[in-house]
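The figures here come from the full heavy-atom set of this structure, side chains too, leaving out hydrogens, waters and symmetry mates.
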Amino acid sequence: MRNDGNKAKKKTSISRETRIKEFKESLKEFWSDFKQVKYGIVGLVLLIVFILMMVLEPFIIPFPEAGERWSDITYWIDNPRSAAPAWVNWFSGKKNTVHEFLTEPELQVTDTPQFQVVEAEFNYNYKYDIPPGELTLKALGKGNVVVEAEIIRPDGETINLVRKNFNTRNETEIRIPLGNEAATRIINFGREFESTENSRNVQRHLLKPMEILFSKAQEGILVKPEPLKGDYRINVKAIIVGKDSYIKDPEVVVSGKVFGFLGTDDARRDIWSGIVVGTKWAIFIGLLTAFVSIAVGIMYGVTMAYFGGWVDSLMMRIYEIFVSIPMLPVLVVFSAVFSPSLWTLILFMCVFYWTGPVLTVRSMALQIKEETYIEAAHALNASTGRIIFKHMIPQLIPYAFANMALSVPGAIVAEASISLLGLGDASVVTWGQILHGAMKSSAVLKGLWWWIVPPGLMIALLGMTFAFLGFSMDKILNPKLKTR
Amino acid sequence: MYGQYAIKRIIYAIINYAIIIFILSALFNASMEATLRSQIEEMIQGEFLARDLTGYTVEEINELKALRRDELYRRYHLYDPMIVRVFWRTYDTLTFNLGKSTSVTSSAGERNVSIIVGEAIPKTALLFTVSAFFNILIGIFLGIKKAQKPGGLLDQSTSILTMIVYGMPSWWLGMMLIMFFVYKLNLFPSGGILSTPPPTGFMYYLDILYHMALPVLTMILLRAWGGAYLIRNIVLGTLQEDYIMSARARGIPENRVLYGHTLRSAAPPIVTMSVMSLLTSFGGAIIFEGIFSWPGMGNLYWIALQQNDIPVLLGNLSVTILLYMAGLVLLDLIYGFLDPRIKVGGKK
C-alpha cells in the first residue's frame with residue numbers, strides 16, 4: 001500500500017515537472033513573438049516605469065505623507081500657492097522666483113536684566129525677474145515676545161516692516177506674512193520715488209507689496225516696476241520678556257512663483273507628490289477591477305457553453321440585461337446616492353465590466369467542448385468542475401490576459417470620472433480626485449495648466465500602456481489581422 | 001419573418017427595461033421616498049399658508065395637517081408594504097411619471113421631471129449624431145485606406161494613435177482643448193449651445209454649429225482612430241474572401257472591388273460598430289457635456305448632482321437607459337435587415 005502511494009506521488013511530481021517545463025516553453029515562445037511587436041515593448045517599458053514609480057514612492061516624492069495628509073492644510077502650509085513647475089524658468093525669458101527657505105541666520109543674543117534680545121540676520125540673494133509671492137517669517141515661540149523686522153535692500157534703502165506682539169502660554173508657531181502685514185509701509189515707500197501723477201492714478205488694491213519691495217527705487221516703481229537684483233538683508237529682532245519666554249528656529253520662507261517638479265495647486269499641495277501617490281491607486285483600481293471582472297466573465301461564458309440548453313438561455317437573458325445598461329450614468333447616480341468607499345466602487349464597476357469577454361469566451365468554449373480530450377475526460381468520469389477548470393479555462397488564459405489588459409484603462413477612467421464629479425472616495429488620493437480639485441477651483445479658467453495636464457496625462461499614459469500591451473497580445477493571438 | 005424577429009426583439013427589450021427599472025427602483029427607493037416625504041411636507045405647509053385659518057386652535061390645525069398628510073401618504077402609496085411601493089415606483093417610471101424635482105427647473109420654470117429631461121434630449125441627440133456622423137465618415141475613409149496597405153505608414157501611425165488615445169478620458173481632452181482654443185487662442189466659445197442673446201434667422205444655426213465645433217472636434221480626435229481601426233479589420237477580413245479574389249481576377253477595377261464588393265458585404269458589422277460607438281460615447285457623455293456646458297442630458301446630471309436633486313437624477317437615469325436600450329434594439333433591427341442570416345435564428 002505504502003509503496004503504491006509513493007509511486008503515485010512520484011508520477012504526479014513528474015507530470016508536474018513536465019507541465020512546468022511546457023509552461024516555460026510556451027512562455028518562451030510567447031516572448032519571442034512579443035519581442036517582434038514594437039509597441040508591445042514600449043508598453044512593457046512604460047509599465048515597468050509605472051511600477052517603479054509605485055515601488056519607489058517614498059524616495060521620489062518630497063512630501064512622504066502626501067497620501068495620508070492630502071487634505072490637511074497644515075501639512076502644506078509652507079508651500080507657495082498655485083506655483084508653476086520649476087522648469088518653467090528654463091523656457092521663459094523672465095525668471096520666476098524659486099521657492100526657498102532661509103534658515104540658519106546670523107544670530108546675536110543680548111541679555112539685559114529685564115529682557116533678552118535676539119537678533120537674526122537673513123541674507124537673501126534675489127536674482128529673478130518676477131518677485132516672490134510672499135515673505136513669511138516663522139519661528140517657534142512661547143511667552144511674551146515682541147518681534148520686529150526690517151529689510152535692507154541692495155541699494156541701501158531700509159524699510160521697517162512689522163512690529164508685532166505675541167503672548168502665548170504654550171509653544172506655538174509664529175507666522176508673519178511680511179508683505180501682507182507691511183503692505184501700507186511698502187507702498188508708502190514706493191510712493192516716495194514715484195512721480196505724483198503716477199502715484200495718484202494707480203489703484204491701491206492692484207499694487208503688490210512684493211513687487212515694490214524687489215524693484216528699483218525710481219520713477220515707475222508702482223506702475224512699471226523693474227527688478228532690483230542683489231543681496232537683501234532681513235533683520236529680525238525679537239525682544240523676549242519674562243523668564244519662561246523664548247523664541248527659536250527663526251526662518252524666512254520665500255514663497256516662489258515656481259515650485260518643485262510639477263508646481264502646486266491653489267491649496268499649496270505639491271502636485272508631483274499627488275501624482276505619484278495616485279499611481280498606485282490607479283494601477284490597483286484598474287488591475288483589480290479588470291482581474292475580477294474578466295475572471296467572472298470567463299467563468300460565466302464557459303459555464304454557459306458547457307451546460308448549454310436552458311442554462312445557456314437563462315444566462316444569456318441575464319447577460320443581455322447587463323449589457324443593455326449604460327455603465328457610467330448608473331455608476332454616477334449610485335455614487336451620488338450611496339457615496340461609496342473605494343472598495344464598493346470597485347465592486348460596482350465589476351458588476352458592469354464582467355460582460356466584456358462573455359460572448360467571445362462562450363463561442364471559444366463551445367469549440368473546446370467538442371474536442372476529443374474533453375470527451376475523454378467525460379469518459380474517465382471527471383467532474384464538471386475539473387473539466388471546466390482544468391481543461392477548458394486554461395485554454396482561454398491567453399485571451400483572458402489580452403482582454404484584461406484592455407479593460408484596465410476603462411476602469412481607471414471610470415473611477416477618475418466618478419472622482420472628478422466629487423463622488424469618489426475622498427480619503428484616497430487618485431488622479432481623479434486631483435482633477436476634481438482643479439475643476440472646483442476652475443483651474444482651466446485661471447490657466448493653471450500644471451494642475452490639469454499631469455493627472456489627465458497620467459491617466460492617458462497608463463491607459464496607453466495597457467492598450468499597447470493588450471493590442472500586442474491580441475496581435476500575437478490573432479495572426480489573421482496581421483496582413484492580407 | 002422579419003416582422004416576427006423585430007417584434008420578438010422589441011418585446012424582449014421592453015421586458016429587460018422593466019426588470020432594470022424594477023431593480024433600480026428597489027435600490028433607490030429609500031432616498032426617493034425621503035425626497036417625496038419632504039415634498040409632501042412642503043406641499044402641506046404651502047396649502048395651510050394659503051388657507052384662512054382664523055377660528056382654529058393650534059391643536060385643530062395640527063390635526064388637520066395630520067389628516068391631509070395621511071391623505072397624501074395614501075395617495076402616494078407610502079403606507080403600503082415595501083414591495084408594493086417599489087412596484088408603484090416602477091410603474092410610475094415606466095409610464096414617464098417621474099415626479100417633481102426639488103430644485104432644478106425647466107426653461108419655462110416647471111418642476112416636472114419628465115419635461116426637464118425631455119428638454120435635454122434633443123440637444124444631446126444633436127451633439128452626438130453630428131459627431132457620430134463625422135466619426136463614421138472619417139472612420140470609413142481612413143479604415144479603407146488602412147486596409148489597402150496593411151502595415152503601411154498610414155496604417156501603423158493611425159493604429160498607434162488608436163492605442164495612444166485608448167485610455168484618454170474624453171473630458172480631459174475637452175479641458176485641454178478648451179484651455180488651448182478658448183482661453184489661449186480665443187477661437188471658440190467656452191461652452192453652452194447659443195450665444196447670449198441668441199442671434200436670429202440663419203445665424204441661429206451657425207451659432208449652434210460654432211458652439212458645437214469644439215466638443216465635436218474632441219470626440220473626433222478621440223474616437224475616429226478607433227473606428228478606423230475596427231473598420232480596417234472588418235474590411236481586411238472581407239478582402240481575404242474568395243469572391244474578392246475572383247472579382248480581382250475578372251479585372252474589375254480596384255476601386256469597384258473596394259467600394260462595391262467589399263464595403264457592401266462588410267456593411268453590417270460596420271453599421272454595428274458605428275452605432276455601438278455612438279451608444280458608448282452617449283453612455284460616457286455625462287462628464288463630457290458638463291465640461292462644455294452643453295445643455296443636454298449629461299449636463300443635467302451635473303446640475304442635479306450639484307443641487308442634490310434626486311428625482312431629476314433618477315428620472316434622467318431611467319430615460320438614459322431607455323434611449324440606450326432603444327439604440328441597441330435599433331441596432332439589432334438594422335443588422336437583421338442588412339444580414340438576413342441573423343433573423344432566421346439557429347438556436348432551438
In a table with atom names and distances, give each donor-acceptor pair under 3.5 Å that connects a side chain of residues 324-337 of chain A to protein atoms at least two apart or in another chain.
unit_1	atom_1	unit_2	atom_2	d
A:Ser324	OG	A:Glu320	O	3.0
A:Ser324	OG	A:Ile321	O	2.9
A:Ser335	OG	A:Leu331	O	2.7

What pairs of donor and acceptor atoms, side-chain ones from residues 345-359 of chain A against any protein atom, are under 3.5 angstrom apart with sequence neighbours left out?
unit_1	atom_1	unit_2	atom_2	d
A:Tyr353	OH	A:Gly410	O	3.1
A:Trp354	NE1	A:Val351	O	2.8
A:Thr355	OG1	A:Phe352	O	3.2

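The heavy-atom pair separating A:Val413 from B:Trp171 by the smallest distance is O-CZ2, 4.5 Å. Between A:Val323 and B:Tyr324 the shortest heavy-atom distance is O-CE2, 3.8 Å. Of all non-hydrogen atoms in B:Leu27 and A:Phe338, the two that sit nearest each other are O-CZ, 3.4 Å. Scanning all heavy atoms of the two residues, the minimum distance from A:Pro409 to B:Gly167 falls at CB-CA, 3.8 Å.
With a 4.5 angstrom heavy-atom cutoff, B:Leu317 touches chain A only via side-chain atoms. Neither the backbone nor the side chain of A:Leu462 comes within less than 4.5 Å of any heavy atom in chain B. Only the side chain of B:Ile310 comes within less than 4.5 Å of a heavy atom of chain A; its backbone N, CA, C and O stay farther away. Contacts of B:Ile291 with chain A are made by side-chain atoms alone, with heavy-atom separations under 4.5 Å and no backbone atom involved.
Around atom CZ of A:Phe291, no more than 12 heavy atoms belonging to other residues, nucleotides or ligands sit under 6.0 Å away. Residue A:Phe401 places its CZ atom among 12 or fewer non-hydrogen atoms of other residues, nucleotides or ligands, all under 6.0 Å distant. Around CG of B:Asn186, the count of heavy atoms belonging to other residues, nucleotides or ligands within 6.0 Å exceeds 12. Counted within 6.0 Å of NZ on A:Lys440, heavy atoms from surrounding residues, nucleotides or ligands total 12 or fewer; the atom is thus considered open.
When the candidates A:Leu423, A:Val42, A:Leu406 are compared by the number of heavy-atom contacts under 4.5 Å with chain B, A:Leu406 comes out ahead. No other option in B:Met163, B:Met168, B:Met325 has as many heavy-atom pairs under 4.5 Å with chain A as B:Met163. Contact tally against chain A (heavy-atom pairs below 4.5 Å) for B:Val329, B:Ile164, B:Thr320: the top residue is B:Ile164.
For residues 453-461 of chain A, a heavy-atom distance under 4.5 Å to chain B picks out A:Val453, A:Gly456, A:Leu457, A:Ile459, A:Ala460, given by residue number. By a heavy-atom distance cut of under 4.5 Å, B:Met175, B:Met176, B:Ile178, B:Met179, B:Tyr183 are the residues of residues 175-185 of chain B near chain A, going up by number.
Put simply, the side chain of B:Tyr166 reaches to within 4.5 Å of the side chain of A:Phe471, judged on heavy atoms. The closest side-chain heavy-atom distance from B:Trp172 to A:Ile452 is below 4.5 Å.
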(request) Go through A:Arg317 and B:Ile15 one step at a time and tell me if the side chain to side chain contact (heavy atoms under 4.5 Å, CB included) criterion holds. (result) CA-CA 10 Å; A:Arg317 300 279 299 138; B:Ile15 295 171; 4.2 Å; yes
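Distance CG/A:Leu420 to CD1/B:Ile287: 5.5 Å, rounded to 0.5 Å.
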